[in-house]
Amino acid sequence: MSTIPDRRVANLVTLFETLRPADVAQLGDYYTVDTYFKDPFNELKGLDGVQGVFRHMFSALIDPRFKVHDVLVQGDQCFLTWDFRFRFQAGEAEQTVRGASHLHLDAEGKVSSHRDYWDPAEELYEKLPVLGSLMRWLKRRARGPAGKR
């Protein structure tokens with residue numbers, strides 16, 4: 001990715017791409033105390049909740065990490081597209097979830113709102129052994145004859 005001219009956003013991209021379990025305690029350097037966070041599984045308000053989401057990510061998954069691809073900045077907002085890579089268990093194939101984040105920044109450049117957009121059905125559920133076959137079957141049924149490939 002080319003250089004990001006907005007230093008606030010460049011710092012956030014670096015945070016997301018290099019985040020490790022020990023960094024979760026320092027998220028207050030990047031997020032406001034009363035930040036709002038929403039993704040397909042969580043909706044919460046407050047820094048403690050955001051830290052909990054990231055702690056859970058590190059405890060539930062093996063080697064979770066983000067790779068940011070695109071960055072759009074306009075005023076106090078930015079939009080990031082990313083790949084999230086991880087393994088459910090040691091020895092399993094690496095999984096990739098493709099998504100995007102819409103961030104609002106306060107006057108100090110801290111995140112006051114963080115909304116993640118990604119499709120759990122396509123990006124996650126279809127990759128699980130039992131649930132995946134059900135999701136793929138439902139997708140085929142919903143497509144109908146016109147949607148066959």
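Taking every heavy atom of both residues into account, Phe86 and Pro64 meet most closely at CB-CA, 4.0 Å. Nearest heavy atom pair, residue His114 against residue Ser101, reads NE2-OG, 3.6 Å. Between Ala100 and Trp82, the closest heavy-atom pair is C-NE1, 3.3 Å. Here the closest heavy-atom approach between residue Thr35 and residue Ser113 is recorded as OG1-N, 3.7 Å. Residues Lys110 and Asp29 come closest through the heavy atom pair CE-O, 3.8 Å. A pairwise comparison of heavy atoms in Gly28 and Leu47 identifies CA-CD2, 3.5 Å as the closest pair.
With a 6.0 Å radius and a threshold of 12 heavy atoms from other residues, nucleotides or ligands, Glu94 has its CD atom above the threshold.
Without hydrogens or angle criteria, Asn11 side chain to Arg8 main chain gives no donor-acceptor distance under 3.5 Å. Under the 3.5 Å distance criterion, the side-chain polar atoms of Ser112 are matched with a main-chain donor or acceptor of His104. Side chain of Arg65 to main chain of Asp63: a donor-acceptor pair is present (N/O by atom type, distance under 3.5 Å, no hydrogens or angles).
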Show which side-chain atoms of residues 49-58 pair as donor or acceptor with protein atoms under 3.5 Å away, not counting sequence neighbours.
residue, atom, partner, partner atom, Å
Gln51, NE2, Val24, O, 3.0

Side chain to side chain contact (heavy atoms under 4.5 Å, CB included) for Leu61 and Phe88? Distances and angles first, verdict last. CA-CA 5 Å; Leu61 303 173; Phe88 286 113; 3.9 Å; yes

Given side chain to side chain contact (heavy atoms under 4.5 Å, CB included), test Asp116 with Phe37 step by step and report yes or no. CA-CA 8 Å; Asp116 283 345; Phe37 180 91; 4.0 Å; yes

Could you go step by step and tell me if Leu105 and Val111 meet the side chain to side chain contact (heavy atoms under 4.5 Å, CB included) rule? CA-CA 5 Å; Leu105 308 176; Val111 177; 3.9 Å; yes

Full working for side chain to side chain contact (heavy atoms under 4.5 Å, CB included) between Thr81 and Leu72: CA-CA 9 Å; Thr81 63; Leu72 301 171; over 6 Å; no

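Not a single salt bridge (Lys or Arg N to Asp or Glu O under 4.0 Å) links Glu92 to another residue, sequence neighbours left out. Not counting sequence neighbours, the partners of Lys38 by the salt bridge (Lys or Arg N to Asp or Glu O under 4.0 Å) test are Glu43.
The pair Glu17-Lys67 meets the salt-bridge criterion, with a side-chain N (NZ, NE, NH1 or NH2) lying under 4.0 Å from an Asp/Glu carboxylate O.
Distance check: Tyr31 OH to Leu103 CG gives 6.5 Å after rounding to the nearest 0.5 Å. Remark: Phe79 CZ to Tyr117 OH distance equals 7.5 Å, nearest 0.5 Å. Distance CG/Leu80 to CZ/Phe66: 10.5 Å, rounded to 0.5 Å. Distance CG/Leu44 to CG/Asp39: 8.0 Å, rounded to 0.5 Å.
Taking hydrophobic clusters as Ile, Leu, Val, Met, Phe, Trp and Tyr residues chained together by side-chain heavy-atom distances below 4.5 Å, Leu19 shares a cluster with Trp118. Hydrophobic clustering, with ILVMFWY side chains joined whenever heavy atoms are under 4.5 angstrom apart, keeps Tyr36 apart from Phe16.
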